[in-house]
*Asks:* 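One structure is given below, represented as structure tokens, and several questions about it will come after.
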Amino acid sequence: MLRILNSQSREKEEFKPLDPAGRKVRIYCCGPTVYDSLHIGHARAYIVPDVIRRYLEHKGYQVRYVTNFTDIDDKIIKRALKEKRSWREITDTYIGESHALMHRLNIRPADGFPRATDHIDEMLEIVKLLMDRKHAYAASDGDIYFDTGSYARYGNLSKRKLDEEEAGLSGRVDEERLKVKKNPGDFILWKLNKNDKGELQAGGDKVPRWPSPYGDGRPGWHLECSAMSRRYLGVPFDIHCGGKDLLFPHHEDEKAQTECAYCDELSGAESVRYWVHNEFITVDGEKMAKSSQEKMGRSNVKWVREMIWPEGPYDPMALRMMLLSSHYRSPVDFSLEMLDEATAKLERIYNALEGLARISGENPNETGSWRKTSEEMALLEDAGTQTIGVPLLKAVVRAESAFESSMDDDFNTAGALGVIFELVSAVNSELAKRAGQECSPAERIGFQHASQTIRKLLGILGLREWRETLSGGAEAGLSALLLEIRALARQGKQFPLADAIRDGLLKLNFEIKDLPGGKSEVRKK
RNA sequence: GGCCGCGUACCCAAGUGGCUAAGGGGACGGUUUGCAAAACCGUUAUUCGCCGGUUCGAGUCCGGCCGCGGCCUCCA
């Protein structure tokens, strides 16, 4: 039984889809505001729903997953003005980069990636509904605000009582805006172009605007998520993901808007069934706020792009492994040591898989079908009765069920990884006993079964099944040639030459590994 | 001030009141090896920030304290 810690109830609740048939699950995740490159906090925020989606699919659910790009925001406009580029150029650049990085991190593409600016009409529809229902008002300066005092449930997600909040404590309140609002917590739905100040006003025509019944302007934050989640998932939907900082005010506001605008469709229900919030990644014990960019810029550990291949030194899967090694609701204080450890973890798994492939004759480049023929199933049973097979196949069975138990407990990926490593140890132990020996057809199937199980579990966590090998072309050709020369040197006991080749490649960040059975290979380091 | 989270070995980290407190990294000893890597075997928490309480039994529940962090109007 899958249980999810729901931020709203703050308890682990049994997961039951809203779908009456119990098959379809709808998930929404707040995507990035695209005015800058993605940092490792983003990586965590998008890997979490990716794993949730993969696990739910593993459990047989049919998942529809949507995540957005917020491509209209004051920060985007400011950045565009500063760089003397159009805001479209800025957003297109970072949307493109986001897709590329998510691909590298093995985050499966969502079923939809809607952009805020493609949904202005939907947003204005919400504003109209809120105005009609008296949940919104035009302030004295013409901006449209949501009236938080008009909705009794406001605050029931973040458990905040408005009168207990101290407005302005975050130091981000605009004093002038506070004066025109009915309640300090009221937030902008539609911002008139003419109400810009400072840099934005100076931007003139370069500041994007859309016509509306309230005057030319742009939508407020929060509105895009209400509009796009309803359009692509409907109301209500099952799971809403996002970083913990979004819980308030973003999700509280989004929820209020949706529930007030679409109260007919919801008829009293909450707009989201399970709220899932991931904890932060800190660096040196502090939040990687975008506001402290200068500090982060110096420490050189913030940007995903600079950390992972091809630009950075780390396998993207190491970053993924690092993030999955702790529970998504635990804070992580990032360090490069953690990435090094994660790299070692990956190595351990891939070494075991390659050991299995060697003994069982699997082809690592084939994703192989999971389904075994009845003949193979019979052999697998035989393998279970053979001395070598018994402990290993028991370990496989135990791992599959322990993995599921961990993941069922609020997606405990750290526990699930522990399970994989226990299986890896069992595999290595068995392989060590069989070093240099032939195995029977039954045992071969047994080893393949262990390999397939490990790879299946890796797949649920979104970790690549095999070590990334050198792509074809010159790199692969040259390294093969060097290996050949080195093999000849070793045969002739010319070890200084053999070592010169290995040391030389190491300086170029390639590593030669001599494998059991006399073969060698070159890997990216 | 309000709300929330965290504190488990040298480091990272899991742990649904109950058999010996997962797992990874590191370190040390042994096996294997041209060397290296990988891998195997073994060692590395009588104890879970501190103090009380509930219970036959607490890392897990309750209370207090200490320390660290987050949110409280455009942050993942």
Side-chain angles (χ1 to χ4, degrees), chain A residues 3 7 10 12 29-33 38-46 48 70 73-75 155 158-161 163-174 177-178 181 184-188 220-222 241-250 253 277-282 285-291 321-322 325-327 329-333 335 337-338 340-345 347-348 351-352 354-355 402 405-406 408-409 412-422 424-425 428-433 435 490 493 495 498-499 502-503 506 511-516 520:
Chain A
R3 299 196 314 150
S7 305
R10 293 175 183 175
K12 282 182 192 169
C29 171
C30 287
T33 302
L38 298 187
H39 55 66
I40 47 181
H42 290 112
R44 185 181 213 186
Y46 309 135
V48 167
T70 297
D73 172 275
D74 286 5
K75 284 186 177 172
S158 57
K159 304 285 184 277
R160 276 156 213 262
K161 295 189 176 68
D163 47 0
E164 285 171 4
E165 290 294 306
E166 267 185 56
L169 258 194
S170 73
R172 282 191 274 186
V173 170
D174 183 333
R177 294 204 166 278
L178 213 49
K181 294 198 269 190
D186 293 354
F187 51 92
I188 285 210
W221 191 36
H222 322 310
C241 298
K244 211 187 172 190
D245 52 347
L246 295 181
L247 198 140
F248 187 87
H250 181 59
D253 293 352
H277 290 99
N278 62 279
E279 255 293 349
F280 287 110
I281 293 183
T282 55
E286 279 181 18
K287 186 187 173 188
M288 296 189 303
K290 289 180 179 178
S291 52
M321 173 65 89
M322 186 203 94
S325 292
S326 56
H327 191 265
R329 290 209 183 241
S330 299
V332 167
D333 193 32
S335 67
E337 288 69 32
M338 294 175 86
D340 290 332
E341 280 184 21
T343 304
K345 288 184 178 186
E347 283 289 304
R348 184 165 168 79
N351 286 334
E354 286 167 9
S405 305
S406 272
D408 271 352
D409 184 12
N412 185 351
T413 54
L417 278 168
V419 170
I420 292 179
F421 282 108
E422 281 176 355
V424 163
S425 291
N428 282 336
S429 181
E430 214 56 60
L431 289 176
K433 283 185 210 159
R490 289 175 78 204
K493 303 251 187 265
F495 296 120
D499 292 348
R502 186 170 60 199
D503 296 345
L506 202 57
E511 198 170 15
I512 289 183
K513 303 265 185 181
D514 295 328
L515 305 171
S520 304

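Reminder, nothing fancy here: chain letters follow the sequence lines and each chain counts from 1.
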*Asks:* Within the pair A:Arg348 and B:rC40, is there a side-chain N or O less than 4.0 Å away from OP1 or OP2?
*Replies:* yes
*Asks:* Atom CD of A:Glu279 to atom C1' of B:rG5: distance rounded to whole Å?
*Replies:* 6 Å
*Asks:* Should the side chain of A:Arg10 and the base of B:rC4 be counted as holding a donor-acceptor pair, with the cut-off at 3.5 Å?
*Replies:* no
*Asks:* Roughly how many Å apart are B:rA38 and B:rC4, using the C1' atom of each and rounding to a whole number?
*Replies:* 45 Å
*Asks:* When you get a sec, tell me which of B:rA13, B:rA36, B:rG23 is the closest nucleotide to the side chain of A:Asp514?
*Replies:* B:rA36
*Asks:* Between B:rG5 and A:Ser330, is there an OP1 or OP2 to side-chain N/O distance shorter than 4.0 Å?
*Replies:* no
*Asks:* Between A:Leu417 and A:Asp333, who's closer to the 5' end of RNA chain B by nearest nucleotide?
*Replies:* A:Asp333
*Asks:* Heavy atoms only, 4.0 Å cut-off, all strands: where does A:Leu431 land among base, sugar-phosphate and nothing?
*Replies:* nothing
*Asks:* Mind checking the C1' distance from B:rG15 to B:rG59? Whole angstroms is fine.
*Replies:* 8 Å
*Asks:* Is A:Asn428 close enough to B:rA38 that one of its side-chain N or O atoms is under 4.0 Å from OP1 or OP2 there?
*Replies:* no
*Asks:* Is it the case that B:rC74 (base atoms only) and A:Asp253 (side chain only) share a donor and an acceptor within less than 3.5 Å, ignoring hydrogens and angles?
*Replies:* no
*Asks:* Measure the distance from CG on A:Asp340 to P on B:rA27 and round it to the nearest whole Å.
*Replies:* 13 Å
*Asks:* Residues in side-chain contact (heavy atoms from CB on, under 4.5 Å) with A:Ser158, at least two apart?
*Replies:* A:Arg160, A:Leu247, A:Phe248, A:Glu252
*Asks:* In whole Å, measure the gap between the C1' atoms of B:rC6 and B:rC12 for me.
*Replies:* 15 Å
*Asks:* Out of B:rA38, B:rC72, B:rC74, which has the shortest distance to the side chain of A:Asn351?
*Replies:* B:rA38
*Asks:* Can you find an N or O donor on one side and an acceptor on the other, under 3.5 Å apart, linking the side chain of A:Asp499 with the base of B:rG34?
*Replies:* yes
*Asks:* Using the P atom on both, measure B:rU60 against B:rU47 and round to a whole Å.
*Replies:* 15 Å
*Asks:* Could you measure between the two C1' atoms, the one in B:rU43 and the one in B:rG49, and give it in whole Å?
*Replies:* 28 Å
*Asks:* For a quick check of understanding: with a heavy-atom distance under 4.0 Å over all strands, which category does A:His327 fall into, base, sugar-phosphate or nothing?
*Replies:* sugar-phosphate
*Asks:* Between B:rG23 and B:rG64, how far apart are the two C1' atoms, rounded to whole Å?
*Replies:* 34 Å
*Asks:* At under 4.0 Å between heavy atoms, what does A:Phe421 touch on the DNA or RNA strands: base, sugar-phosphate, or nothing?
*Replies:* sugar-phosphate
*Asks:* Check whether the aromatic ring of A:Phe495 stacks on the base of B:rG34, taking stacking as ring centres less than 5.5 Å apart and planes within 30° of each other.
*Replies:* yes
*Asks:* Listed by chain and number, what are the salt bridge (Lys or Arg N to Asp or Glu O under 4.0 Å) partners of A:Glu279, not counting sequence neighbours?
*Replies:* A:Lys244
*Asks:* Among B:rG5, B:rA13, B:rA39, find the nucleotide with the atom closest to the side chain of A:Ala432.
*Replies:* B:rA39
*Asks:* Name the closest nucleotide to the A:Ala344 side chain, picking from B:rG25, B:rU16, B:rG70.
*Replies:* B:rG25
*Asks:* Grab the CD-P distance between A:Glu337 and B:rA13 for me, whole Å please.
*Replies:* 13 Å
*Asks:* For the pair made of CZ in A:Phe248 and C1' in B:rC72, what is the distance, rounded to whole Å?
*Replies:* 6 Å
*Asks:* Which heavy atom in A:Ala45 sits nearest to a heavy atom in A:Cys29, and how many Å separate them?
*Replies:* O-SG, 4.0 Å
*Asks:* Rounding to a whole Å, what distance do you find between A:Arg502:CZ and B:rG34:P?
*Replies:* 12 Å
*Asks:* Where the side chain of A:Lys159 is defined as all heavy atoms beyond and including C-beta, which of B:rG23, B:rA14, B:rC3 is the nearest nucleotide?
*Replies:* B:rC3
*Asks:* Can you find a donor-acceptor N/O pair under 3.5 angstrom joining the side chain of A:Arg329 to the base of B:rG5?
*Replies:* no
*Asks:* Check this for me: does the side-chain of A:Glu422 come within 3.5 Å of the base of B:rG23 through a donor and an acceptor?
*Replies:* no
*Asks:* Under 4.0 Å, counting only non-hydrogen atoms across every strand here, what does A:Gly243 touch: a base, just sugar-phosphate, or nothing?
*Replies:* sugar-phosphate
*Asks:* Assign the ring pair A:His222 / A:His250 to parallel, tilted or perpendicular, where the plane angle (0 to 90°) is split at 30° and 60°.
*Replies:* tilted
*Asks:* Which nucleotide, B:rA13, B:rG2, B:rG5, lies nearest any side-chain atom of A:Arg160?
*Replies:* B:rG2
*Asks:* Kindly say whether A:Met321 contributes a backbone atom to a donor-acceptor pair with the side chain of A:Ser325 at under 3.5 angstrom?
*Replies:* yes
*Asks:* Any donor and acceptor pair, going by atom type alone, linking the side chain of A:Arg348 with main-chain N or O of A:Phe421 inside 3.5 Å?
*Replies:* no
*Asks:* Tell me if a side-chain donor or acceptor on A:Asp409 pairs with a main-chain N or O of A:Asn412 at a distance below 3.5 Å.
*Replies:* no
*Asks:* Quick one: A:Met322 CE to B:rA13 C1', roughly how many Å, whole number?
*Replies:* 12 Å
*Asks:* When you check the phosphate oxygens OP1 and OP2 of B:rG24, does a side-chain N or O of A:Ser425 lie under 4.0 Å from one of them?
*Replies:* yes
*Asks:* Could you tell me which residues satisfy side-chain hydrogen bond (donor to acceptor under 3.5 Å, both in side chains) with A:Asn428, sequence neighbours excluded, listed by chain and number?
*Replies:* none
*Asks:* Could you tell me how far apart A:Met338 (CE) and B:rC12 (P) are, to the nearest whole angstrom?
*Replies:* 8 Å
*Asks:* Quick one: sort the A:His39 and A:His42 rings into parallel, tilted or perpendicular, breaks at 30° and 60°.
*Replies:* tilted
*Asks:* Report the residue (A:Lys181 or A:Asp409) whose heavy-atom-nearest nucleotide on RNA chain B is the more 5′ of the two.
*Replies:* A:Asp409
*Asks:* Considering residues at least two apart in sequence or located in another chain, which fulfil the side-chain contact (heavy atoms from CB on, under 4.5 Å) criterion with A:Asp408?
*Replies:* A:Leu2, A:Tyr55, A:Lys59, A:Glu404
*Asks:* Applying salt bridge (Lys or Arg N to Asp or Glu O under 4.0 Å), can you list everything that pairs with A:Glu511, at least two apart in sequence or on another chain?
*Replies:* A:Lys513
*Asks:* Distance between the P atoms of B:rC41 and B:rG25, in whole angstroms?
*Replies:* 13 Å
*Asks:* Whole angstroms only, please: what is the CZ-P distance between A:Arg490 and B:rA37?
*Replies:* 14 Å
*Asks:* The side chain of A:Ile188 lies closest to which of these nucleotides: B:rA14, B:rC74, B:rG15?
*Replies:* B:rC74
*Asks:* Please map the stems of RNA chain B, keeping only stretches of three or more Watson-Crick or G-U wobble pairs with both distances under 3.5 angstrom.
*Replies:* B:1-7 with B:66-72, B:10-12 with B:23-25, B:26-31 with B:39-44, B:49-53 with B:61-65
*Asks:* Would you measure the distance from the C1' atom in B:rG24 across to the matching atom in B:rC19 and give it in whole Å?
*Replies:* 25 Å
